[in-house]
Protein chains: 2
Amino acid sequence: MPVEAKLEATGRPASPPLTERQEARRRRILHASAQLASRGGFDAVQMREVAESSQVALGTLYRYFPSKVHLLVATMQDQLEHMHGTLRKKPPQGETAAERVAETLMRAFRALQREPHLADAMVRALTFADRSVSPEVDQVSRQTTVIILDAMGQENPTSEQLSAVRVIEHTWHSALITWLSGRASIAQVKIDIETVCRLIDLTAPQNKP
Amino acid sequence: MPVEAKLEATGRPASPPLTERQEARRRRILHASAQLASRGGFDAVQMREVAESSQVALGTLYRYFPSKVHLLVATMQDQLEHMHGTLRKKPPQGETAAERVAETLMRAFRALQREPHLADAMVRALTFADRSVSPEVDQVSRQTTVIILDAMGQENPTSEQLSAVRVIEHTWHSALITWLSGRASIAQVKIDIETVCRLIDLTAPQNKP
DNA sequence: ATCAAGTCTGAAACTTGTTCTAGATTAGCG
DNA sequence: CGCTAATCTAGAACAAGTTTCAGACTTGAT
């Protein structure tokens with residue numbers, strides 16, 4: 001295994017290891033970002049304000065996160081790690097894999113509901129991201145996949161199931177957006193999530209070995 | 001029925017009817033928008049350039065389309081109308097509703113592939129749109145729904161089927177984004193579309209009466 | 001044809017993301 | 001400690017979306 005490919009536990013590439021002060025700066029920036037986002041969503045996260053709140057020069061902010069979208073996607077990675085930890089503690093109770101996944105996603109959904117502006121900022125950044133942010137967005141996607149597979153309780157998913165999981169992720173993001181922009185109710189999101197989760201049972205090789 | 005609620009054939013609200021010159025301006029603007037988008041995607045659609053290309057003052061451009069996102073979403077409405085017309089001419093051949101829908105979407109997908117920059121601009125605008133663009137985004141969504149229902153050949157869909165259609169739309173948008181940002185191959189998009197389309201048969205009350 | 005109201009133009013100004021620069025600070029090393 | 005390279009800071013500068021405004025032009029009604 002080539003040394004360059006090593007990853008930290010977080011799955012982020014471990015390029016140059018940060019000093020303590022740098023790690024602290026990075027945390028301050030992410031914290032400021034999340035805080036501003038919680039207040040007013042995507043637009044409220046203004047780079048100058050983030051820099052000021054986190055006691056860092058604008059140029060430094062851009063050295064850590066090369067664009068506003070990078071910053072917000074990193075913020076999302078951060079929040080996702082939190083959420084994965086929280087979800088892990090109380091595994092879903094459903095009988096079927098579909099039920100468990102739907103339950104997990106709705107739980108995540110309710111968590112986002114508590115900070116709708118933050119959710120707005122993160123999701124808008126995620127879908128607005130262009131090619132230059134692909135690695136980071138991909139990382140978020142992988143993290144989401146892990147959460148879903150966890151809920152399924154599936155160790156070795158078939159490629160069919162992986163496709164179903166991707167579709168569920170698509171639906172999850174897109175449904176989130178329609179809710180955030182006020183075009184769908186929570187009830188509707190719930191129905192759509194439950195609908196798409198049926199795909200899981202449909203693609204299961206057998207219900208339980 | 002209140003007069004104010006009247007809609008044109010296009011489904012757009014018929015607020016104040018435009019004069020001929022105004023209609024011409026509007027077309028010039030949309031044309032310039034599509035042309036610039038085809039060249040370089042979202043970033044290449046610069047409001048000053050659109051104004052110049054369409055021989056209209058910047059202020060006028062903003063009177064017609066209150067933001068860049070509004071403009072691009074309107075551009076998408078325009079293109080969708082085209083596409084619906086084109087698709088109508090050659091109805092899909094599949095046996096099942098699921099096959100027909102998948103075929104239609106993949107056909108639309110290949111059309112977008114021919115102008116990837118334009119697709120990029122439109123889709124990014126669509127998902128980046130905030131509440132202030134909801135009516136227009138909703139209109140795009142309705143138009144997409146009509147295309148899918150057309151492909152299904154379903155006159156009176158059940159609410160279950162409508163949910164399946166919404167999930168398909170979610171998947172369609174989101175898959176498009178992952179493809180546009182280089183995170184998924186066309187083959188993968190095809191698989192995902194086919195996967196999600198299975199939901200249609202799953203939710204069909206009976207295959208054919 | 002004329003007038004009032006509404007529309008269009010051109011240009012400047014403002015906002016916020018992003019880049020650049022010169023000098024101060026810090027980290028790692030001999 | 002003292003050096004060097006890398007990093008950080010403050011602030012100016014630039015780019016593109018958006019707003020504003022005074023004056024010219026159109027439109028519709030009388």
Side-chain angles (χ1 to χ4, degrees), chain A residues 15-30 32-33 36-37 39-75 120-122 124-126 128-133 136, chain B residues 15-30 32-33 36-37 39-75 120-122 124-126 128-133 136:
Chain A
S15 341
L18 299 182
T19 70
E20 207 162 313
R21 305 185 59 189
Q22 287 177 319
E23 191 56 51
R25 267 190 210 105
R26 186 167 191 283
R27 300 253 109 253
R28 285 207 306 280
I29 293 172
L30 286 175
S33 165
L36 287 170
R39 264 223 241 326
F42 189 89
D43 293 336
V45 181
Q46 302 193 355
M47 299 304 268
R48 282 174 244 260
E49 285 213 34
V50 172
E52 193 173 351
S53 292
S54 49
Q55 307 259 267
V56 137
L58 192 53
T60 306
L61 172 52
Y62 272 95
R63 172 186 278 273
Y64 280 72
F65 302 97
S67 77
K68 174 169 172 171
V69 168
H70 280 86
L71 171 57
L72 283 170
V73 171
T75 305
D120 169 83
M122 297 188 307
R124 297 260 294 286
L126 203 66
F128 191 60
D130 66 2
R131 297 180 113 83
S132 72
V133 204
E136 288 82 357
Chain B
S15 342
L18 300 182
T19 70
E20 206 161 311
R21 303 184 60 190
Q22 287 176 320
E23 191 55 53
R25 266 188 212 106
R26 187 168 191 283
R27 300 252 108 253
R28 284 206 307 280
I29 293 172
L30 286 175
S33 166
L36 288 170
R39 263 223 243 325
F42 189 90
D43 292 335
V45 180
Q46 301 194 355
M47 299 304 268
R48 284 173 241 259
E49 285 213 36
V50 172
E52 193 172 352
S53 293
S54 50
Q55 308 258 269
V56 138
L58 193 53
T60 306
L61 173 52
Y62 273 94
R63 173 187 278 274
Y64 280 72
F65 301 98
S67 78
K68 175 169 171 171
V69 169
H70 280 86
L71 171 58
L72 284 170
V73 171
T75 304
D120 169 82
M122 297 189 305
R124 297 260 293 286
L126 203 66
F128 191 60
D130 67 1
R131 297 180 113 82
S132 72
V133 204
E136 288 81 359

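Letters A, B, ... mirror the listed sequences (proteins, then strands); counts begin at 1. The figures here come from the full heavy-atom set of this structure, side chains too, leaving out hydrogens, waters and symmetry mates.
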Worksheet item: Can you check whether B:Leu30 reaches B:Phe65 side chain to side chain, under 4.5 Å on heavy atoms?
Response: yes
Worksheet, complete the sentence: At a 4.0 Å cut-off to heavy atoms of chain B, the contacted part of DNA chain D spans D:dA16 to D:dT27
What is the minimum heavy-atom distance between [X] and [Y], and which atoms define it?
X: A:Val45; Y: A:Val50; result: CG1-CG2, 3.8 Å
X: B:Leu72; Y: B:Ala121; result: CD1-O, 3.9 Å
X: B:Asp120; Y: B:Phe42; result: OD2-N, 3.3 Å

Fill in: End-to-end axis angle, where each axis spans five pairs of the helix from C:dA1-D:dT30 to C:dG30-D:dC1, to 10°
20°
Worksheet item: Separation of B:Arg25 atom CZ from C:dC8 atom C1', in whole Å?
Response: 6 Å
Worksheet item: In residues 40-49 of chain A, what residues come within less than 4.0 Å of DNA chain D, judged by heavy atoms?
Response: A:Arg48
Worksheet item: Is a side-chain donor or acceptor of B:Thr75 paired with a backbone partner of B:Leu71 at a separation under 3.5 angstrom?
Response: yes
With 3.5 Å as the limit, what N/O pairs link the protein to nucleotides 27-29 of chain C?
none

Practice prompt. Show your working on side-chain contact (heavy atoms from CB on, under 4.5 Å) between B:Val69 and B:Glu136 and close with a plain yes or no.
Written response: CA-CA 10 Å; B:Val69 169; B:Glu136 288 81 359; over 6 Å; no
Worksheet entry | Contacting residues from residues 51-69 of chain B, given that a heavy atom lies under 4.0 angstrom of DNA chain C | B:Gln55, B:Val56, B:Ala57, B:Thr60, B:Arg63, B:Tyr64
Worksheet item: How far apart are the C-alpha atoms of A:Gln46 and A:Leu36, what are their side-chain angles, what is the distance that settles it, and do they pass the side-chain contact (heavy atoms from CB on, under 4.5 Å) test?
Response: CA-CA 8 Å; A:Gln46 302 193 355; A:Leu36 287 170; over 6 Å; no
Fill in: Residue pairs fulfilling side chain to side chain donor-acceptor pair (under 3.5 Å) with at least one residue in residues 50-73 of chain B, sequence neighbours excluded
B:Ser67-B:His70
Worksheet entry | Distance in Å, B:Gln22 CD paired with B:Arg26 CZ, rounded so as to fall on 0.5 Å steps | 11.0 Å
